**Student:** 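Once you've had a glance at the structure underneath, I'll fire off some questions.
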Amino acid sequence: MRTTTILVIVSLLSLVALMLPAILFLAGRMELNTVQWVMLVATVVWFATATPWLWKQTG
Amino acid sequence: VLAVLAVGAVISARGRVRLREVVSVANIAAPWMVLVFIAFGLIGLRQFIDATGTQVTGLADVWTLAQTQIWKGGDPLPGQVKFTFWHVMFFAWFCNMAMHIGMSDLSVLRFAKKSWYGMASGAGMFLGHFLAWLAASILYAFQLHQRPEQHQRAAGTAGLSGRRPGGPDLRDHRRLDDRQPDHLPGGPGLPGDHPQVVAIPRDADHRSDRHVAAMFPALAMKLLDFVALYGLILMPMGAVVFVDFWLIPKLGLQGSFAQLSRSNFNWAAGAAWIVTLVVCLAIVFIVGRWTLWFVALPGWFIASAVYIMLSRVYQRQAVPSIAGQVSPGTAQA
């Protein structure tokens with residue numbers, strides 16, 4: 001249960017990390033190259049951490 | 001092409017074996033995919049600002065940029081219909097007509113536990129036909145801005161122009177369809193409740209066909225026409241279903257008449273379908289191809305009217321005793 005809670009929190013934070021670089025890029029406060037890497041990492045983290053608890057819900 | 005082939009092979013193969021796995025992947029990817037849509041739009045917008053040297057101090061400047069650089073219009077490509085605001089609006093409404101107006105949604109939604117699950121169709125259209133289209137059009141407009149000679153609506157080209165980060169290009173998703181129940185066997189949320197009731201082999205074959213189609217750019221370039229046409233083909237039956245369930249009992253006729261009369265075919269429904277298609281296609285060929293994106297609206301009312309009129313005649317003639325056995329309004333659609 002505790003592990004699931006941590007996974008949920010981390011996965012939701014990864015979604016924030018997915019969007020934030022695009023917003024910062026729009027504001028001119030982040031380079032495109034950095035945006036790409038952050039979004040790539042956020043994507044990996046999302047699928048890695050969301051899969052266990054979302055899979056359990058629908059599986 | 002290779003990406004489509006790989007994704008299509010995995011989805012079709014796994015969907016054929018175990019649908020629940022595909023539904024789970026769809027549910028996991030859904031929130032990520034929506035945010036990536038939005039992120040692409042924001043990134044593309046910034047790149048437009050930089051490329052045009054626009055000074056943005058408020059929303060008014062963004063609006064001016066949108067009008068003068070992004071959605072500035074222009075002449076259509078040879079052989080293509082000039083799209084106006086009304087084309088986009090009607091196409092956003094009708095491009096999944098087979099699902100919503102054609103009632104294919106019911107293949108999934110009939111198992112919904114709550115009536116408000118029907119909002120899934122509207123929410124899907126908003127995300128797929130509003131947010132995703134805005135983002136995709138920004139990417140495409142930026143591609144044209146950078147390379148005016150590059151008119152191809154190719155996924156890779158538009159994606160590279162926008163220097164996409166983080167995942168598959170928007171247009172890959174658009175071509176493989178967005179978020180409707182036909183995207184994956186259930187779409188986000190709903191289908192997971194009843195994955196066992198979906199016809200797995202048929203669904204897997206259906207998606208295999210779509211993935212094969214998506215690998216051919218020439219076919220994908222005709223997507224607009226294809227989607228409009230296939231939605232049109234199913235639309236009359238959606239009107240028949242709607243009328244049969246909601247209106248026919250109120251008019252003193254029997255819904256589900258074929259079932260009640262133990263017939264394999266409802267001639268009123270069949271005739272309504274054929275007559276509507278003939279009328280709609282005649283309008284398209286006679287008036288002009290531009291009507292393809294609008295004709296479904298009058299077509300729905302034509303199908304409804306024809307079905308009601310023919311039902312009145314048909315139900316009087318076919319097995320008169322049936323009408324006396326079941327009182328109007330008791331039939332289930």
Side-chain angles (χ1 to χ4, degrees), chain A, chain B residues 14 18-51 54-57 59 62 65 131 135 138-139 142 159-168 184-196:
Chain A
M1 183 65 185
R2 192 175 170 188
T3 307
T4 303
T5 306
I6 293 171
L7 287 173
V8 171
I9 292 171
V10 173
S11 58
L12 293 178
L13 286 176
S14 72
L15 290 183
V16 175
L18 188 70
M19 276 303 297
L20 199 58
I23 296 170
L24 291 174
F25 181 72
L26 178 64
R29 296 181 180 260
M30 187 178 274
E31 293 297 319
L32 183 59
N33 196 41
T34 311
V35 172
Q36 290 174 325
W37 277 108
V38 174
M39 289 185 70
L40 181 62
V41 171
T43 295
V44 172
V45 172
W46 164 255
F47 280 99
T49 56
T51 299
W53 61 276
L54 267 178
W55 194 279
K56 201 178 294 180
Q57 281 185 4
T58 57
Chain B
R14 293 309 297 169
R18 186 145 185 221
L19 186 65
R20 194 182 294 271
E21 289 182 10
V22 182
V23 173
S24 295
V25 172
N27 287 342
I28 293 166
W32 167 84
M33 188 171 69
V34 171
L35 292 180
V36 168
F37 281 158
I38 300 170
F40 281 162
L42 296 179
I43 291 170
L45 182 60
R46 179 71 222 185
Q47 289 183 312
F48 246 118
I49 292 171
D50 292 340
T54 304
Q55 295 294 321
V56 176
T57 56
L59 285 178
V62 176
L65 176 71
L131 283 178
I138 290 175
L139 287 183
F142 188 65
L160 288 174
S161 296
R163 295 196 184 93
R164 62 196 161 108
L184 290 173
L190 279 176
D193 291 341
H194 299 277
Q196 69 279 13

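Keep in mind the model is a prediction, meaning the values are calculated, not measured. Protein chains get the first letters and strands the later ones, always in sequence-line order, with residue 1 at the start of each.
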**Student:** Is chain B contacted by the side chain of A/A27, its backbone, both, or neither, given a heavy-atom distance below 4.5 Å?
**Tutor:** backbone

**Student:** Does A/W46 reach the main-chain N or O of B/I28 with its side chain, forming a donor-acceptor pair under 3.5 Å?
**Tutor:** yes

**Student:** Counting only pairs under 3.5 Å, give me each side-chain donor-acceptor contact of residues 18-25 of chain A, with atom names and distances, residues two or more places apart or in other chains.
**Tutor:**
none

**Student:** Heavy atoms only, distances under 4.5 angstrom: which of B/D50, B/I49, B/V56, B/L42 has the most pairs with chain A? Name it, please.
**Tutor:** B/L42

**Student:** Search all heavy atoms of A/L54 against all heavy atoms of B/N27 and return the closest pair with its distance.
**Tutor:**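 Minimum heavy-atom separation between A/L54 and B/N27: CD1-O, 4.0 Å.
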
**Student:** Find out whether A/M39 and B/I43 are in side-chain contact, i.e. whether some heavy atom of one side chain is under 4.5 Å from a heavy atom of the other.
**Tutor:** yes

**Student:** A/S14: what forms a side-chain hydrogen bond (donor to acceptor under 3.5 Å, both in side chains) with it, not counting sequence neighbours?
**Tutor:**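 Scan of A/S14 (side-chain hydrogen bond (donor to acceptor under 3.5 Å, both in side chains), adjacent residues dropped) gives none.
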
**Student:** Quick one: closest heavy-atom pair of B/Q47 and A/L32, and the distance?
**Tutor:**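 Between these two residues, the closest heavy atoms are NE2-CD2, 3.6 Å.
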
**Student:** Specify the closest pair of heavy atoms between A/W55 and B/S24, including all atoms of both residues, with the distance to one decimal.
**Tutor:** CE3-CB, 3.5 Å

